[in-house]
Amino acid sequence: MKRLLTYITLGTLVMSTSCSKFDEINTNPETPSVVKPSMLATRIILNLVRQPSTKGFMQPYMLTKEIAWTELTEGYQYNSLGEWDISMTSINDAHFMGEFATSEKLKNSYNGLMYFARAMKFYEGTMSVGDIPYKDALKGETDKVYFPKYDTQKDVFLGILNELELADKLFSEGEKFDGDPLFAGDVTKWRKLVNSFALNVLIQLSKKESDADLKIKDRFKSILTSKPIFGSNADNFQVVHEDKASQTYPFYKISNSFVIYPIVSTEVIDRLKQYQDRRLFYYANPSALQITNGKQSNDFSAYIGTDPSLSFSEIAELKKKNDYSKLNDRYTELVSGEPTQQYSYAHLCFVIAEAAARGWVAESSVNWYKKGIEAAMKFIADNTPNTAQYTHNMPLDANYINTAVATYGSQFPVVFEAQLEAIMTQKYLASYLQGRMTPYYDYRRTGYPKWKINPTSSLNSVAPDKIPMRWRYPSLEYNYNSANLDEAMQRQYKGNDEINQLMWLLK
């Protein structure tokens, strides 16, 4: 028995030593064993602001008619929308940021970021399809809610606006936090973003301005008059690119076989030529044929747009003639390109200009309109090398910008509908290869800018003379949450998940 006990003791010691060595051998000293809120914050922020690269980067701008694509027929260019992924998995662990914070003020900052991230993701989802799960969303782990019910779009927007209010409050009670690659944890900068984004959400609800629950005008006025908002391009919600792995401009030429396919649309070029706007020389390159025929690169007439509503075969024939404008070299030759914006000061200026034109706030619509144009021009000038390759000897210098802004201001219409068209047009021109879906959201809400629609080339089979109003729900929802989706579909669209149906927002 004594011998047996000795063996058991020795065996226990050996196993204990072995397990200790096993744990030591299989522990990576370079991998953190404790999750820090800053680690989660970095991933969540980059997920909100980063854009896909190469062809994926260009696809939203096919939908917004900024470019024509010459590789093959693209659904977005020809008004065919597929499904939209309404998954919220990218923020399903955002609540841990506050839980892991080491002080009450840091907890406030990280929770402020959580609420802003939630608001952005729910905004993207509901703007795309209509009703989405909101109150039951992201409760799979905590409450075992695996099949969330769909909330009405109105309730989703009420939730978004309330979460943005809460985000602003928490940031105001927080402190500088780690893990922020955009604003270095500056809570004042985040408050500006939260409130500026809230104004954008409110303007997208313009058709519901009389809704007693939403209180759109009151909310807008309160934010504008009492809370911090963007004040310059330095506040832009954007990614600055550089020559590092995964940080280059999304359409930079290296490892990008798609640089030969985009050409600049008539929707952009013709409007810039109409206004003799020098942004043309920064957005596009002159037509090779026009240069061969003797025109100079600083001649407006040397720039030839391509109608993106033409059939693909017609566009292919035009390209063979070499009489078209491709992208300015700065989008492909510069590793840093320009910062890619999700939301900008110029965008905010046009939002406020529209709200003023609608009578929501006692502000000068024309002044905010001019501020938006000035900010857009300065952004381009500040992020482009001042060389002929990129400016075509038509620089956006201070004298030109001042003169151009004054001219635009003197031409600002008096009648509301004309004012709205002018604001939407300038907002569109300021959004060239920026802001992703925002010009499309503005178009379906206001009808501006008036994009050309060609029924003979349209892939919108149900309504070939129209641009679609929404995406379809994703197949995963049909497969795993069909009962709740069916209820929402009946409530909104009489059961017809079709791209021309009008969501509550647009009625």
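- Checked against F197 for a ring pair (Phe, Tyr, Trp, His ring centres under 6.0 Å), the options Y123, F230, F237 give a single hit: Y123.
- Counting only N and O atoms by type, the side chains of W360 and E209 include a donor and acceptor under 3.5 Å apart.
- Heavy atoms only, all atoms of each residue included: P439 and T64 are closest at CB-CG2, 3.9 Å.
- A donor-acceptor pair shorter than 3.5 Å can be found between the side chains of N79 and K65.
- For E374 and K371, the salt-bridge test fails: no basic side-chain N is under 4.0 Å from an acidic carboxylate O.
- Each of Y441, W451, F350 was evaluated against Y428; a single residue qualifies, W451, per the ring pair (Phe, Tyr, Trp, His ring centres under 6.0 Å) test.
- Ionic pairing of E173 and K105 is not present here: no N-O contact between side-chain nitrogen and carboxylate oxygen is shorter than 4.0 angstrom.
- A donor-acceptor contact closer than 3.5 angstrom is absent between the side chains of N236 and H347.
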Please report the C-alpha distance between N393 and Q296 in whole Å, then the side-chain angles of each, then the deciding distance to 0.1 Å, and finally whether the side-chain hydrogen bond (donor to acceptor under 3.5 Å, both in side chains) criterion is met.
CA-CA 10 Å; N393 296 312; Q296 300 299 310; over 6 Å; no

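- Within 6.0 Å of the NZ atom in K169, the count of heavy atoms belonging to other residues, nucleotides or ligands does not exceed 12.
- Between the side chains of Q389 and E333, no donor-acceptor pair is found at a separation under 3.5 Å.
- Side-chain rings of Y369 and F412 approach one another, their centers coming within less than 6.0 Å.
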For a side-chain hydrogen bond (donor to acceptor under 3.5 Å, both in side chains) check, start with the C-alpha distance between Y303 and H392, then their side-chain angles and the critical distance, and finish with the verdict.
CA-CA 11 Å; Y303 293 75; H392 299 110; 3.2 Å; yes

Decide yes or no on salt bridge (charged side-chain N to carboxylate O under 4.0 Å, His left out) for R118 and E163, but give the supporting numbers first.
CA-CA 8 Å; R118 282 174 54 92; E163 293 203 37; 2.7 Å; yes

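- Here the CG-CG distance, from D329 to N285, works out to 4.5 Å after rounding to the nearest 0.5 Å.
- Two residues are said to be in side-chain contact when any heavy atoms from C-beta on lie closer than 4.5 Å; V351 and K427 meet this criterion.
- A centroid separation of less than 6.0 Å is found between the aromatic rings of Y432 and Y283.
- Taking each heavy atom of V201 and L164 in turn, the nearest pair found is CG2-CD1, 4.2 Å.
- Heavy atoms only, all atoms of each residue included: K189 and A234 are closest at NZ-O, 3.1 Å.
- A salt bridge links D211 to K154: one of the charged nitrogens lies within less than 4.0 Å of a carboxylate oxygen.
- Between F57 and Y249, the distance from one ring center to the other falls under 6.0 angstrom.
- A salt bridge does not link E363 to K221: none of the charged nitrogens lies less than 4.0 Å from a carboxylate oxygen.
- In this structure, the side chains of I160 and V156 come closer than 4.5 Å at one or more pairs of heavy atoms.
- You'll find the ring centres of F300 and F281 inside the 6.0 Å limit.
- Q153 and T126 share a side-chain donor-acceptor pair at under 3.5 Å.
- At distances below 3.5 Å, not a single donor-acceptor pair connects side-chain atoms of R191 with backbone N or O atoms of P228.
- Side-chain atoms of N195 and D168 form a donor-acceptor pair, as typed in the model, at a separation below 3.5 Å.
- The ring of Y390 has its center no closer than 6.0 angstrom to the ring center of Y282.
- With respect to E354 and R445, a salt bridge is recorded, a charged nitrogen being found less than 4.0 Å from a carboxylate O.
- Side-chain contact between P339 and N383 is present, with heavy atoms from C-beta onward closer than 4.5 Å.
- Taking both residues in full, the closest heavy atoms of I453 and P464 are given as CG2-O, 3.7 Å, listed atom of the first, atom of the second, then distance.
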I'd like to know whether F251 forms a ring-ring contact (aromatic ring centres under 6.0 Å, His included) with F258, so could you lay out the CA-CA distance, the side-chain angles of the two residues, the decisive distance to 0.1 Å, and finally the verdict.
CA-CA 8 Å; F251 210 66; F258 296 97; 7.8 Å; no

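- Note on R470 versus E498: no salt bridge recorded, every NZ/NE/NH1/NH2 to OD/OE distance being 4.0 Å or above.
- Looking only at atom types and distance, the side chain of Y78 has no donor-acceptor partner in the side chain of N454 under 3.5 Å away.
- Checked by atom type, the side-chain pair S222/K227 shows no donor-acceptor distance below 3.5 Å.
- Geometrically, K208 engages W504 in a cation-pi contact defined by less than 6.0 Å to the ring centre and at most 45° from the axis.
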Worked check of salt bridge (charged side-chain N to carboxylate O under 4.0 Å, His left out) between D307 and K452
CA-CA 8 Å; D307 180 355; K452 186 176 180 181; 3.0 Å; yes

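- Using modelled atom types and a 3.5 Å distance limit, the side chains of Y448 and E417 yield a donor-acceptor pair.
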